[in-house]
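Contents: one structure, followed by commentary.
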2 protein chains.
Amino acid sequence: MSQGNTRVTPQVVNAHACPVREVLDRVAGKWSVLIIVAAAHGPIRFTELERGVEGISRRMLTLTLRNLERDGLLTRTVHPTVPPKVEYELTPVAHELHASLLGLTDWAERHRVTIAESRAAYDARHQPE
Amino acid sequence: MSQGNTRVTPQVVNAHACPVREVLDRVAGKWSVLIIVAAAHGPIRFTELERGVEGISRRMLTLTLRNLERDGLLTRTVHPTVPPKVEYELTPVAHELHASLLGLTDWAERHRVTIAESRAAYDARHQPE
DNA sequence: CAGCATCCAGAGCGATACTG
DNA sequence: CAGTATCGCTCTGGATGCTG
């Protein structure tokens with residue numbers, strides 16, 4: 001860790017050691033969060049998710065659900081009926097994650113406008129036309 | 001909220017309307033967060049960032065810095081000296097973001113092990129060999 | 001020192017079609 | 001209903017080399 005250095009600057013951030021990145025890698029996928037939000041208030045079926053998460057394809061829904069299940073963020077319950085019925089439900093861990101995301105949501109909503117303005121200003125500054 | 005429906009299920013989540021996704025789109029890039037973390041405790045120079053954020057290429061550092069600057073998350077100060085010196089500093093908005101990320105960091109650290117185990121178990125279950 | 005331009009490989013994701 | 005399989009594009013990001 002510490003080398004006998006008196007300077008402050010180092011502050012090395014390792015992409016692999018950084019826990020924030022770990023979460024983000026898990027959550028950054030285009031759909032993961034949306035699915036978590038959609039499933040936040042109780043068990044939900046495949047087709048309901050398909051409708052609930054606007055714009056998601058069947059393929060991506062399946063893939064994302066598998067990943068979330070793999071990470072232990074949701075459980076998959078197959079009801080052996082005809083027609084088949086599968087329900088997905090957030091695990092406690094995922095609920096905690098959902099709660100933590102609220103901080104970000106909040107940030108986003110507070111600064112959404114500011115950021116949009118900043119972008120517009122920047123673009124105007126750099127592309128006169 | 002309620003449509004005359006007695007069922008609960010609807011819960012439509014729109015990818016474009018969702019504020020969480022907005023943040024994530026901004027932050028999910030492989031490097032944004034790491035740069036924010038690296039710059040969190042004061043102004044920092046280009047080369048210092050290059051060393052501080054392990055594994056980043058010069059190209060990605062430049063690109064990510066531009067995006068962060070564009071969003072108003074950091075300021076770029078050029079000191080007209082020889083050799084040139086450029087300092088990047090987080091804006092208050094970015095500091096707030098950094099604070100919000102703590103919730104996620106925390107979550108990640110609490111469940112890192114559990115998640116890894118869950119993955120291993122899942123993989124074992126689905127790929128006997 | 002700080003950065004831009006070019007080239008290139010791979011991941012991510014959408015569209016579509018088929019199945020238990 | 002709840003998936004799986006295949007194709008192909010787009011976009012990200014790494015490597016390298018050139019400049020003020």
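Each chain gets a letter, A, B and so on, in the order the sequences are listed, and its residues count up from 1.
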Counting primed atoms plus P, OP1 and OP2 as sugar-phosphate and everything else as base, spell out the protein contacts along nucleotides 6-20 of chain D at 4.0 Å heavy-atom distance: B, S or - for each nucleotide, 5' to 3'. B------BBB----B
In whole angstroms, how far is the C1' atom of C:dG12 from the CG atom of A:Leu34? 16 Å
Salt bridge (Lys or Arg N to Asp or Glu O under 4.0 Å) partners of residues 23-39 of chain A, not counting sequence neighbours, each pair once: A:Arg21-A:Asp25, A:Arg26-A:Asp71
Using a cut-off of strictly less than 4.0 Å, decide whether A:Tyr88 has a side-chain nitrogen or oxygen near OP1 or OP2 of D:dC1. no
Could you state the CG-P distance from A:Leu65 to C:dC13, rounded to the nearest angstrom? 14 Å
Whole-Å gap separating P (C:dG12) and CG (A:Leu24): 15 Å
Whole angstroms only, please: what is the CZ-C1' distance between B:Arg66 and C:dA5? 14 Å
For B:Leu61 and C:dC1, give me the distance from atom CG to atom C1', rounded to whole Å. 13 Å
Tell me, please, which residues at least two apart from B:Glu69 pass salt bridge (charged side-chain N to carboxylate O under 4.0 Å, His left out). B:Arg66
Within 6.0 Å of CZ in A:Arg51, more than 12 heavy atoms from elsewhere: no
Remember a base hit wins even if backbone is also touched, and classify A:Thr62 as base, sugar-phosphate or nothing at under 4.0 Å, heavy atoms. base
note: B:Lys85, atom NZ; C:dG3, atom P; distance rounded to Å ~ 13 Å
When the distance from CD of B:Glu50 to C1' of C:dG3 is rounded to whole Å, what number comes out? 10 Å
Using the salt bridge (charged side-chain N to carboxylate O under 4.0 Å, His left out) criterion, which residues pair with A:Arg59? Sequence neighbours excluded. none
Sequence neighbours excluded and cut-off under 3.5 Å, please list the side-chain donor-acceptor pairs for residues 88-95 of chain A, or say none.
residue: A:Tyr88; atom: OH; partner: A:Arg76; partner atom: NE; Å: 3.2
residue: A:Thr91; atom: OG1; partner: A:Gly72; partner atom: O; Å: 2.8
residue: A:Thr91; atom: OG1; partner: A:Leu73; partner atom: O; Å: 3.2
residue: A:Thr91; atom: OG1; partner: A:Ala94; partner atom: N; Å: 3.4

Would you say A:Arg76 reaches D:dA2's phosphate, i.e. side-chain N/O to OP1/OP2 under 4.0 Å? no
Qualifying residues under side chain to side chain contact (heavy atoms under 4.5 Å, CB included), relative to B:Ser100, sequence neighbours excluded: A:Leu104, A:Trp107
